[in-house]
Amino acid sequence: MNKLMLGNEAFARGLYEGGCKLISSYPGTPSTEITEFGAKYDEVYAEWAPNEKVAMETAIGASIAGARAFCGMKHVGLNVAADPLYTVSYTGVTGGLVIAVADDPGMHSSQNEQDSRHHAIASKVPMLEPSDSGECRDFVKTAFELSEKFDVPFIVRLSTRVAHSQSSVELHDRQERELIPYEKNASKYAMVPAFARARHVVVEERTKKLIEYAENCEFNKTEYNNSSIGVITSGIAYQYAKEALGDSVSYLKLGMVNPLPVNLIRDFAEKCDKVYVIEELDDIIETHCKKLGINVIGKELFGFIGELSQAIIADKILGKKTEFTEFSEPVPVRPPVMCAGCPHRGLFYSLAKNNIIVSGDIGCYSLGSAAPLNSIDSIVCMGASISALHGMNKVDPGKEKKRVAVIGDSTFIHSGITSLINISYNATNSTVIILDNSITGMTGHQQNPTTGMNLKGDPATKVSLEELCRAIGIERVRVVDPYNMAETEKVILEELAVEAPSVVISRRPCALLKYVKHKPALKVDTDKCRSCKQCLKIGCPAISMKDGKACIETTQCVGCGICKEMCHFDAIGE
Amino acid sequence: METKSIMIVGVGGQGSLLASRIIGNVLLSQGFDVKVSEVHGMSQRGGSVVTYVKYGDKVYSPVIEKGEADIIMSFELLEAARWLSYLKKGGHLITSTQQLDPMPVITGAAKYPENITDKLSALGADVISADALSLAREAGNAKASNVVLIGLIASKMDFPDDVWTAAIKQCVPEKFLELNLKAFELGKNIK
């Protein structure tokens, strides 16, 4: 049977068919759906871990205990999990271990554009790169086998266009596998220096074997057509190249991107007059070729930034451009915005109104940096809001009462807790606002340890944010409802004024959650509306000016009442 | 067969993912090689959203570039104008007449262009516009405007109706099925 499947769904199918027993991941676009689809198979245990490091260590444990295991994450998630990655490379595996990392060229939903192949090279862990959904399924299944054969985890790298594109996949049955019996083997699994030194020798020997494997493996394929142009490529870039250049050139498609073959590339280059390397983001394949003394053309044409496409390749290699017609006048941009009824909206308005410096974090609320709220001052990575606030307050305590950190519930659990411990332990009078919308929002509503539910939708232990903050030494913890804008503002200003570290939990479930009951849409009384545009200052997508008066779009409005609180003329009501 | 390209554009939350999945399943059932490319995450939050459906004997790239789309289906007028450059010469532009102000228009930093459909036609696009929102309300829910437009696109493509309804059944939850099938009918009958 053939089914149209997202790359991520096909990946999950590969995990299922390959006999995977455990999935532990942290959500992150564009990797999230692998784990969501994986959780639909009853034969596989699947969970959301608090962060990627925990997820990878859980999967490592399952592998040591003899099962095939998986963890998935986005590119920046692999930075969080880099610590276990670099050492599991030394210990190797018992049951097959597959790691998914999804890069986001073009930054559709990310804070940077890093190329995860660097992690594979640096950790000396082999990496595969599928180019469509069918390959996702196939590569994952083979990766489990190879992981056990070469005694090493396998990373499978996706990019947004592979993860989030659907193509046809043929479904096969699951191969059920018994646990590989556990045997104590400390010299392999207990990485103290004496044992690790011996394991490093194993790692280097393994890399040689993997290079040998890469020379003839099923993942690396040549297609000889015209010998005047040869293209070395991998992943989604292969699909772009194939569409742009068709059968007019020869291809070396590298499905295994670490380690890279030597002789295979040499032979291919020798058979072609001119060789292009087409790869997204960094110049990994190109540098490898140049190190081998092979003359290739790559980044000088394609650059390091953003996504490639068939149009870019057709233009750069063939000088071919497609004609098109632009609209005849400027089209206003439509940036993403906080949804109508977003519980974060009023809070950011209050922070901006009071000229408060906001140390931000990763999640939907990063949209608080956009116009008209323009509230957030800095965003670096998961958890950094709190630690960066501490650093700011240490060197410039004069502004302590004018600065806050904002962090979501899931992000706080991910890596905000240790940052808050630093505030408590190393003592700054910092004010931290936890934006508790009771879900992991940006990635599309995943459960987390504060929601009381697990990935399968079953009841789970609910971590109390209040008790957790108190337990790590924050004595001032207050809870507010952000739909009550005046009260929320008052509490935040009070906590900023206090000479002590404090946490304000702004608690209101995401308006898009299915169980959240919406109030009727609000209406503008056009007789009372003075066209002052005060209600537009909160940047609600449901409110605009029509015929000189404020107007609320009823299909979007959920009746949150923030605009009503903004209006000085009582013009907004039910 | 040469690869054909359909682009679905709109505002995050308007249901472009569902629309692309329905079309994708119709094409798969007709024996084509199909690729559907979606956008998840940040851009879904009320931003300009685009999905691609491509089909033919063999499809390579899942994305559509400027000047490549045989059909653009737009849920919102400004988005139809924004993505016009992706339309192939002689391609069809199917658009809902719904207008949603983007944030720069709401804040007064930019103006929403007037008479967009006329201007699109003047630029040579084969424009088919419809008040999908009202028809969706007539079917029972404003959110079904995506399936109204599916009905309209079905009338421009040569596949039997039962293929479309089967794909809708496959992609829509049971309790919303009746209303979506009604929305499809209303869209299909737009003249």
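Treat the numbers as computed from the prediction; the structure is a model and nothing was measured. Naming: A, B, ... by sequence-line order, numbering from 1 per chain.
Only the side chain of B/Val105 has a heavy atom closer than 4.5 Å to any heavy atom of chain A. Contacts of A/Ile543 with chain B are made by backbone atoms alone, with heavy-atom separations under 4.5 Å and no side-chain atom involved. The part of A/Gln556 that comes within reach of chain B is its side chain, from C-beta onward, which places non-hydrogen atoms under 4.5 angstrom from that chain. Neither the backbone nor the side chain of A/Cys342 comes within contact range of chain B, judged by heavy atoms closer than 4.5 Å. Contacts of B/Ala81 with chain A are made by both backbone and side-chain atoms, with heavy-atom separations under 4.5 Å. For B/Tyr86, no part lies near chain A; criterion is any non-hydrogen pair under 4.5 Å. Interface remark: B/Lys54 contributes side-chain atoms only to the contact with chain A (heavy atom separation under 4.5 Å). Interface remark: B/Leu77 contributes no atoms to any contact with chain A (heavy atom separation under 4.5 Å). Only the side chain of A/Asp132 has a heavy atom closer than 4.5 Å to any heavy atom of chain B. If you measure heavy-atom distances from A/Glu326 to chain B, the contacts under 4.5 Å come from both the backbone and the side chain. Heavy-atom distances place both the backbone and the side chain of A/Pro335 under 4.5 Å from chain B. If you measure heavy-atom distances from B/Lys35 to chain A, the contacts under 4.5 Å come from both the backbone and the side chain. A/Lys533 does not touch chain B: none of its heavy atoms, backbone or side chain, sits under 4.5 Å away. Within the 4.5 angstrom heavy-atom criterion, only side-chain atoms of B/Leu28, from C-beta onward, approach chain A. Interface remark: A/Glu323 contributes backbone and side-chain atoms alike to the contact with chain B (heavy atom separation under 4.5 Å). With a 4.5 Å cut-off on non-hydrogen atoms, A/Ala311 touches chain B through its backbone and its side chain both.
Looking only at heavy-atom pairs under 4.5 Å with chain B, the residue among A/Thr322, A/Val333, A/Asn2, A/Ile312 that has the most is A/Val333. When the candidates A/Glu307, A/Glu329, A/Gln239, A/Lys537 are compared by the number of heavy-atom contacts under 4.5 Å with chain B, A/Gln239 comes out ahead. Among the candidates A/Ser328, A/Ala371, A/Ala163, the residue making the largest number of heavy-atom pairs closer than 4.5 Å to chain B is A/Ser328. Heavy-atom pairs under 4.5 Å with chain B peak, among A/Ala340, A/Gly28, A/Ser167, at A/Ser167. Between chain A and the residues B/Thr51, B/Leu87, B/Leu100, the most heavy-atom pairs under 4.5 angstrom are made by B/Leu100. Counting heavy-atom pairs under 4.5 Å between each of B/Pro113, B/Ala80, B/Gly108 and chain A puts B/Pro113 at the top. Highest contact tally toward chain B, considering only A/Lys3, A/Lys321, A/Arg161, is held by A/Arg161 [criterion: heavy-atom pairs under 4.5 Å]. Options A/Leu536, A/Thr32, A/Asp104, A/Val162 differ in how many heavy-atom pairs under 4.5 Å they form with chain B, and the most are formed by A/Leu536.
Between B/Glu76 and A/Arg334 there is a salt bridge, since at least one side-chain N of the basic residue sits less than 4.0 Å from a carboxylate O of the acidic one. Ionic pairing of B/Glu174 and B/Lys169 is not present here: no N-O contact between side-chain nitrogen and carboxylate oxygen is shorter than 4.0 angstrom. A/Glu135 has a carboxylate O that lies under 4.0 Å from a charged side-chain N of A/Lys253, or vice versa, which qualifies the two as a salt bridge. Residues B/Asp161 and B/Lys188 are paired through a salt bridge, judged by an N-O separation under 4.0 Å between the basic side chain and the carboxylate.
If you check the side chains of A/Glu243 and A/Tyr238, you find no donor sitting under 3.5 Å from an acceptor. Counted by atom type alone, A/Ser110 and A/Lys74 present one or more donor-acceptor pairs between their side chains at under 3.5 Å. In summary, the side chains of B/Gln170 and B/Asn25 do present a donor paired with an acceptor at a separation below 3.5 Å, with no hydrogens or angles considered.
Going from atom OG of A/Ser248 over to atom CG of A/Asn225 covers 8.0 Å, rounded to the nearest 0.5 Å. How far CD1 of B/Ile94 is from CD1 of B/Ile190: 9.5 Å, rounded to the nearest 0.5 Å.
Between the B/Asp70 side chain and the B/Ser5 main chain, a donor and an acceptor come within less than 3.5 Å of each other. Using modelled atom types, no side-chain atom of B/Glu178 and backbone atom of B/Lys175 make a donor-acceptor pair closer than 3.5 Å.
Here the options are B/Ser48, B/Ser16, B/Ser74, the test is side-chain hydrogen bond (donor to acceptor under 3.5 Å, both in side chains), and the partner is B/Glu79; only B/Ser48 passes.
Between B/Phe32 and B/Tyr55, the angle of the ring planes goes over 60°, which puts this pair in the perpendicular group of the 30/60° scheme.
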Exercise for the section: For salt bridge (Lys or Arg N to Asp or Glu O under 4.0 Å), just list the numbers for A/Lys242 and A/Glu223, CA-CA rounded to whole Å, side-chain angles, deciding distance to a tenth of an Å, and then say yes or no. Expected result: CA-CA 11 Å; A/Lys242 216 34 205 181; A/Glu223 291 173 38; 2.7 Å; yes

